[in-house]
Amino acid sequence: MNIVVTVKQVPDTWAEKKLDASDKTVDRKSVDNVMNEMDEYGVEEALKIKEAHGGEVTVVTMGPEKAVETIRKALSMGADKAVHLTDESLHGSDALATSAALAKVISTLSPDLIITSSEASDARGGVMGALLAERLGLPQLTQARKVTVDPGANKVSVERLADNGYALVEATLPAVVGVVEKINQPRYPSFKGIMAAKKKPLTKLSAADAGLDAGSVGLAGATSTVVDAQPAPPRQSGTIVKDEGDGGAKVAAFLAAQKLI
Amino acid sequence: MSDNRLSEEHETLRKTVEEFAREVVAPAAAGHDEAKTFPYEIIAQMAEMGLFGLPFPESYGGQGADYFALCLAIEELARADSSVAITLEAGVGLGAMPIYRFGTEAQREEWLPVLASGRALGAFGLTEPGAGSDAGGTRTTAQLVGDEWVINGSKAFITNSGTDITRVVTVTAVTGEPVNGRPQISSIIVPVPTPGFSAGAPYSKVGWHASDTRPLSFQDVRVPAENLLGERGRGYANFLSILDEGRIAISALSVGLAQACVDESVKYAKEREAFGAPIARNQAIAFKLAEMETRTYVARTAYYDAAWRMLAGLPFKKEAAMAKLFSSEAAVTNAREATQIHGGYGFMNEYPVARHWRDSKILEIGEGTSEVQKMLIARHLGV
């Protein structure tokens, strides 16, 4: 199995996120950056499939120079090699532009399976799996809480999370699979893994290397624009209900007014 | 806490263990503390991460890192749970390290891969009911009868000695008449189980509730003559050199606890309001926090330096003793102050600082009391 897993470096989940005032893109300089937590589940699933069926796991990311830290983390967990698409011209790419760039890179790797996570914790679009499948002309199985690969039959089946249970869906390989965080428990890298990661092959591509047209990516190629942004208002203090024998009724009335019951 | 002396690999390891401690160790700490249960599931994950093999070469199943890497891991674990940190420290520093340092090639090959993998734990039995740092008090004996050692006696306060995964205990015992007026003490490897060896019920301790500490009893325990670890009569001297580096690890553990007290107290002091403002606004509290942070910083700097000297092959015994002395006392002081800052809540077990307070006192005692550290330091001053 030749498995590609996409990862993204994002501002630390716990950090206060801000937009850069000049171009309204996410400010990545003033905060710690980490691997998107959801992507750890994707990497883990890729490694488990590789351990079960053999093959190779290639990490693909698009992002600034610093995103190499996230690549190293995936490599230290056990991925075999990585491709880092990085170029000033890619700055500000929206989901559509990003998917075009990633699809271009991924298609050169001829994978049997492409694994994405359900969403990144910064933009929270949750569309990359679907966009990649569309661009690559491959079937997509998203929201997977369990993945079963049958290389002999050239098939992948997943348990797809649904509102009231799950749906069993399958597709022929190659396919794009999007996993949710219920699927596994990502491993922590060992020291040996950390050391080995430094020696694993890492291909750095510029936009031109990847054959991308500068006008189709970055802020220039974005089909959507952030026109304005405001910081979230501070949370209002809660409503205090004094129990004078009618506390229960008051709470019920409050919940009903919020349309929660 | 990043330091410009940390190499990229050390820093990545530190961050990985920090993440693991926050996500896995911390949430389970109060439960294991309350129930006094050994955290097998956490130890198994640490084994997967290779933490028990950090300072050993890959040829013995280790990770090929170094003692400083082990110390960083211990510090980060101790920020979440001292019991977990001491299980690693004792398993590696006292269980496996003597075999690595003084073992024959056969002994290393037999024991290190399984100990470095973390699937099994080793323990070291030095302390006895009537002998700790005073070697002359050792009562446990080992007699060479034919091609076997016959061991009789008892040991006290032995960490990791009675878990379900304990596979080996190395003990010090009197193996003959004194040589040049000094007791003849040797180290002997005792596989677990061996008939006649038994680990007693766990002690009821003030802290470290999730770590395994037991008394050991040896009644005509027979092991092959080749289980002698290191030279006959060098058992005590060898173990002292293990304690020298162990002090750096205990210092790291102390720094982790001291840091946890700072972190919890800063958070609490900013949230908790009294007389209309967060208590952190009061200088009485803010100055305590400043002092706690300073103590932690100085203690960390001391153990980093001692570890660096050790790895550079420079004399480090005095520095290790000073780091242990200072950081264990810093931990106890920080834990006391953290509890004070938390007020009544600091005395409640649902707050981590209460556990840190109970877990801290042993740091001034284990692997050489503060008084023993001062004896060592004074000796280096020629007094």
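Chain A is the first sequence line, chain B the second, and so forth, proteins listed ahead of strands; every chain is numbered from 1.
- The shortest side-chain heavy-atom distance between B/Q63 and A/M195 does not fall under the 4.5 Å cut-off.
- Other residues, nucleotides and ligands contribute at most 12 non-hydrogen atoms within 6.0 Å of the NZ atom of B/K15.
- There is no contact between A/R187 and chain B, counting heavy-atom distances below 4.5 Å.
- Salt bridge B/E19/A/K73: present, at least one basic N to carboxylate O contact under 4.0 Å.
- A donor-acceptor contact closer than 3.5 angstrom links the side chains of A/Y188 and B/E23.
- No more than 12 heavy atoms of other residues, nucleotides or ligands lie within 6.0 Å of NZ in A/K204, so this atom counts as exposed by the packing criterion.
- Counting heavy-atom neighbours within 6.0 Å of A/E56 CD, excluding the residue itself, gives a total above 12.
- For CD of A/E88, the number of neighbouring non-hydrogen atoms (other residues, nucleotides, ligands) closer than 6.0 Å is 12 at most.
- Rounding to the nearest 0.5 angstrom, the gap separating the CG atom in B/L51 from the CZ atom in A/F191 is 11.5 Å.
- Note that the CG atom of B/L13 and the NZ atom of A/K192 stand 14.0 Å from one another [nearest 0.5 Å].
- Enclosure of atom OH in B/Y345 is not indicated, since only 12 or fewer non-hydrogen atoms of other residues, nucleotides or ligands lie within 6.0 angstrom.
- In this structure, the side chains of A/P189 and B/M49 stay at 4.5 Å or more apart for every pair of heavy atoms.
- If you tally non-hydrogen atom pairs under 4.5 Å between each of B/L54, B/V17, B/T16 and chain A, the highest count goes to B/T16.
- Sparse packing is recorded around CZ of B/R281, with 12 or fewer heavy atoms of other residues, nucleotides or ligands lying under 6.0 Å away.
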